[in-house]
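Since the structure comes first, as structure tokens, the remarks are kept for the end.
Hydrogens, waters and symmetry mates play no part in the numbers below; they use all other heavy atoms, side chains included.
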Amino acid sequence: MSIMINRPENWISLFPQPSLDGHKYHRGHAALLGAPELTGATRLAAEACSRIGAGLVSVLSDDAGDIYRMTLPADIMVKPLEALASPRVTVLLAGSGGLSQTTKKALLNAPPDLPKVLDAEAVGLFGRVTARELVLTPHDGEFGRVFADLEGDRKSIAVAAARRANAVLVLKGPETVIAAPDDRVVINTHASPYLAKAGTGDVLAGMITGLIAQGMPGFEAAAAAVWMHGHASLKIGPGLIAQDLIAALPDVLSDLLETPDGADGVVEKK
């Protein structure tokens, strides 16, 4: 098992940066399956996905489309579930806010070569989902329900789950563990306790999805998103709500891309 502390120098060389001659599809098209009732979770994930740089973000919904059209920012599109078949979609996020029978079916029938991020209740479907690259983002409670037989410390069980699922596993918590099926492990302590708020996990799932949309490999995308998520929380501090993390991302991106070694303004939590 190869264990590293999560720092920008570990993944900054793979961080996506747009070119002057690029267009939106060069930065990827992320599709999110819209929750049928807890639409706020999908909206948080979609906004975070767009803010972190995905060229185009679409929320797919057949049963709550009007809600999304009325509440999402103007840059995020709302489409029917059949749009998932578009060859321009570069990554799919499922589970933020929950799944309906129709969105579950869409996930299970999604193109098998499409990278996928499974959040919340979608995590338990990993064995039925085919993907070129798969990322799972459970918190401890979700992890315990899906991988109830695994025992040991958080690092060991995260690696075991990553191997079983053949996926990158992001085990969220005070020390978030990012594990790959090849036994790579990153531990993130660069975060604030004020992250313990509803919706912050949806923001993180959207951030990971947005980085994968732009071509970043899943393991590095997860590590980068977790670090940036934590960095935003440290900048905000007391009073944090999930929406604040999205608003803080431009400053976090500036900190990261202007000082990629973690110095001169980027304060690492040791």
- Query: Donor-acceptor pair, Ser233 side chain versus Ser192 backbone, under 3.5 Å?
  - Reply: yes
- What residues form a ring pair (Phe, Tyr, Trp, His ring centres under 6.0 Å) with Phe15, not counting sequence neighbours? none
- Query: At their closest point, which heavy atom of Ala83 faces which heavy atom of Leu60, and how far apart are they?
  - Reply: CB-CD2, 4.1 Å
- Can you name the closest pair of heavy atoms from Val146 and Gly124 and give their distance? CG2-CA, 3.8 Å
- Task: Check whether Val203 and Leu253 end up in the same hydrophobic cluster, where Ile, Leu, Val, Met, Phe, Trp and Tyr are linked by side-chain heavy atoms less than 4.5 Å apart.
- Result: yes
- Message: Just by distance, no angles: are the side chains of Ser58 and His29 close enough, under 3.5 Å, to form a donor-acceptor pair?
- Response: yes
- Message: Would you compute the distance between atom CG of Leu257 and atom CD of Gln17 and round it to the nearest 0.5 angstrom?
- Response: 5.0 Å
- Query: Considering only heavy atoms from C-beta outward, does the side chain of Val159 approach that of Val177 to under 4.5 Å?
  - Reply: no
- Item | Connected hydrophobic set around Leu93, excluding itself, where side chains approach under 4.5 Å | Met4, Leu32, Val57, Val59, Tyr68, Leu72, Ile76, Val78, Val91, Val117, Val135, Val168, Val170, Ile178, Val186, Leu204, Ile208, Ile212, Phe219, Val226
- Query: Pairs in or reaching into residues 117-131: which pass side chain to side chain donor-acceptor pair (under 3.5 Å), with residues at least two apart or in two chains?
  - Reply: Ser96-Asp119, Asp119-Thr137
- Message: Just to verify, what does Arg164 make a salt bridge (charged side-chain N to carboxylate O under 4.0 Å, His left out) with, not counting sequence neighbours?
- Response: Asp149
Report, one line per pair, each donor and acceptor closer than 3.5 Å where one atom sits in a side chain of residues 43-52; sequence neighbours left out.
residue: Arg43; atom: NE; partner: Thr71; partner atom: OG1; Å: 3.4
residue: Ser50; atom: OG; partner: Asp75; partner atom: OD2; Å: 2.6

- Item | From Glu133 atom CD to Lys116 atom NZ, the distance as rounded to the nearest 0.5 Å | 11.0 Å
- Item | In one Ile/Leu/Val/Met/Phe/Trp/Tyr side-chain cluster, 4.5 Å: Leu134, Val89 | yes
- Message: On a heavy-atom basis, which atom in Ala35 and which in Ala64 lie closest, and how many Å separate them?
- Response: O-CB, 4.1 Å
- Item | Between CG on residue Leu81 and OG on residue Ser100, distance to nearest 0.5 Å | 7.0 Å
- Task: State, yes or no, whether a side-chain contact exists between Phe143 and Ile157 at a heavy-atom distance under 4.5 Å.
- Result: yes
- Could you please spell out the steps behind the side chain to side chain contact (heavy atoms under 4.5 Å, CB included) verdict for Arg145 and Val123? CA-CA 10 Å; Arg145 288 191 289 273; Val123 171; over 6 Å; no
- Task: May I ask you to decide if Pro181's main-chain N or O and Asn166's side chain share a donor-acceptor pair within less than 3.5 Å?
- Result: no
- Message: Please give the remaining members of the hydrophobic cluster of Ile241, linking ILVMFWY side chains under 4.5 Å, ordered by chain and number.
- Response: none
- Item | Where at least one partner belongs to residues 190-214, residue pairs that pass salt bridge (Lys or Arg N to Asp or Glu O under 4.0 Å), sequence neighbours excluded | none
- Query: What ring pair (Phe, Tyr, Trp, His ring centres under 6.0 Å) pairs are there with at least one residue in residues 88-133, not counting sequence neighbours?
  - Reply: Phe126-Phe147
- Message: Using the salt bridge (charged side-chain N to carboxylate O under 4.0 Å, His left out) criterion, which residues pair with Asp251? Sequence neighbours excluded.
- Response: none
- Taking only residues two or more places apart in sequence, or in another chain, which ones meet Arg184 in a salt bridge (charged side-chain N to carboxylate O under 4.0 Å, His left out)? Asp182, Glu220
- The complete set of salt bridge (Lys or Arg N to Asp or Glu O under 4.0 Å) pairs with one or both residues in residues 103-112, sequence neighbours excluded, reads none
- Task: To the nearest 0.5 Å, tell me how far Leu240 CG sits from Leu195 CG.
- Result: 6.0 Å
- Query: CG of Asp255 to NZ of Lys235: how many Å apart, nearest 0.5 Å?
  - Reply: 4.0 Å
- Please lay out, stage by stage, how Arg163 and Asp183 fare under the test side chain to side chain contact (heavy atoms under 4.5 Å, CB included). CA-CA 8 Å; Arg163 289 177 189 157; Asp183 290 359; 2.8 Å; yes
- Can you see which heavy atom on Ala120 is nearest to which on Glu142, and at what distance? CA-OE2, 3.3 Å
- OG1-CG distance between Thr102 and Asp63, expressed to the nearest 0.5 angstrom: 4.5 Å
- Query: Mind checking what makes salt bridge (charged side-chain N to carboxylate O under 4.0 Å, His left out) contact with Asp113, not counting sequence neighbours?
  - Reply: none
- Query: Where the side chain of Gln214 meets the backbone of Pro16, is there a donor-acceptor pair that is under 3.5 Å apart?
  - Reply: no
- Taking the side chain as every heavy atom from C-beta outward, state whether Thr103 and Ser61 have any atom pair closer than 4.5 Å. no
- Message: Taking Leu38 as the starting point, is it possible to reach Ile246 by hopping between hydrophobic residues whose side chains are less than 4.5 Å apart?
- Response: no
- Could you pull out the closest heavy-atom pair between Ala198 and Ala242, with the gap in Å? O-CB, 3.7 Å
- Which atom of Ala122 lies closest to which atom of Ala94, heavy atoms considered: CB-O, 3.5 Å
- Task: Could you walk me through whether His229 and Thr200 pass side chain to side chain contact (heavy atoms under 4.5 Å, CB included), step by step?
- Result: CA-CA 9 Å; His229 189 254; Thr200 58; 4.0 Å; yes
